[in-house]
Amino acid sequence: MVAKKEEKNYWLMKSEPDVFSIEDLEKVPAQTTHWDGVRNYQARNFMRDTMKVGDQLFFYHSNAAPSGIAGIAEIVKAGYPDFTAFDKNDVHFDPKSDKANPTWYMVDVKFVESFARVLSLEDLRGIAALQNMVLLQKGSRLSVQPVTSSEWQAVVALARKL
DNA sequence: GCCAACGTTGGC
DNA sequence: GCCAACGTTGGC
């Protein structure tokens, strides 16, 4: 019996570098962290239902100067309950999340590489192949979003040209 | 700091 | 179920 080969999925995940940057991820033990604090259902669904170990993601710096894609990380642990939702002292505490039936999920991500420099929104808007990228759509502010493989390749190609 | 766009809440 | 008010995100 031959297992069906699962396609690798690509993602983009946003973090404010003042809070947690890709440089922070590179320095942390095992270069791995849990991606806690996502409190949006669409983003939650991606982490809980679709992300799997081995998927790769663009680490996006939001509210930064400039905002943009800072590098690459990979999923090393698939969706599991976000325990910060249960911690009364955590900024991400959510009294409505029940341990028996958690509302919020997270994944673990591991550092892969930092780009030579951040690819700004302006850089990305200059690439025709990225016209339909979720990130670049007007009003789009989803903090965990899918990236197609052609978009992934176009961004990586741009990063390699730096 | 401003503000547009989006998501959530809650009165009815 | 509608929708106004409020809170959050995130570029600029």
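By convention in this document, chain letters (A, B, ...) are assigned in the order of the sequence lines, proteins followed by strands, and residues within each chain are numbered from 1. Being a predicted model, the structure only gives us computed values, none of them experimental.
Using a 30° and 60° split on the angle between ring planes, A:Tyr10 and A:Trp152 fall in the parallel class, below 30°.
Between A:Lys96 and B:dT9 there is a side-chain polar atom (N or O) within less than 4.0 angstrom of OP1 or OP2. Dashed line: the shortest gap from a side-chain N or O of A:Ser67 to OP1 or OP2 of C:dG11 is under 4.0 Å. The phosphate of B:dC6 (OP1 or OP2) has no side-chain N or O of A:Tyr41 nearer than 4.0 angstrom.
Note: CD (A:Gln42) to P (B:dG7) measures 7 Å, nearest angstrom. Atoms CG (A:Leu12) and P (C:dT9) sit 16 Å apart, rounded to a whole Å. Atom CG in A:Asn40 sits about 18 Å away from atom P in B:dA5, given to the nearest Å. Separating the NE2 atom of A:His61 from the P atom of C:dG10 is a distance of 13 Å, rounded to the nearest angstrom. In this structure, CH2 of A:Trp104 is placed 12 Å from P of B:dG7, rounded to the nearest angstrom. Look at CG on A:Leu124: it is 15 Å from P on C:dG10, rounded to the nearest Å. For the pair A:Glu16 CD and C:dT8 P, the interatomic distance rounds to 13 Å; values are reported in whole Å. Between the CD atom of A:Gln137 and the P atom of C:dG10 there is a distance of 15 Å, given to the nearest Å.
Not one N or O on the side chain of A:Gln31 forms a donor-acceptor pair closer than 3.5 Å with the backbone of A:Lys27. Side chain of A:Arg39 to backbone of A:His92: a donor-acceptor contact under 3.5 angstrom is found.
Electrostatic pairing of A:Asp82 and A:Arg44 does not count as a salt bridge here, judged by no charged N lying under 4.0 Å from a carboxylate O.
For A:Arg141 and C:dT8, a side-chain-to-base donor-acceptor distance below 3.5 Å is present, hydrogens and geometry of angles not being considered.
Backbone-only contact: A:Arg125 has heavy atoms under 4.0 Å from sugar-phosphate atoms and none from a base.
Between A:Lys138 and A:Asn63, the residue anchored nearer the 5' end of DNA chain B, judged by the nucleotide with its closest heavy atom, is A:Asn63.
Results of the side chain to side chain contact (heavy atoms under 4.5 Å, CB included) test with A:Ile75 over A:Asp108, A:Asn9, A:Leu57 single out A:Leu57 as the only residue that passes.
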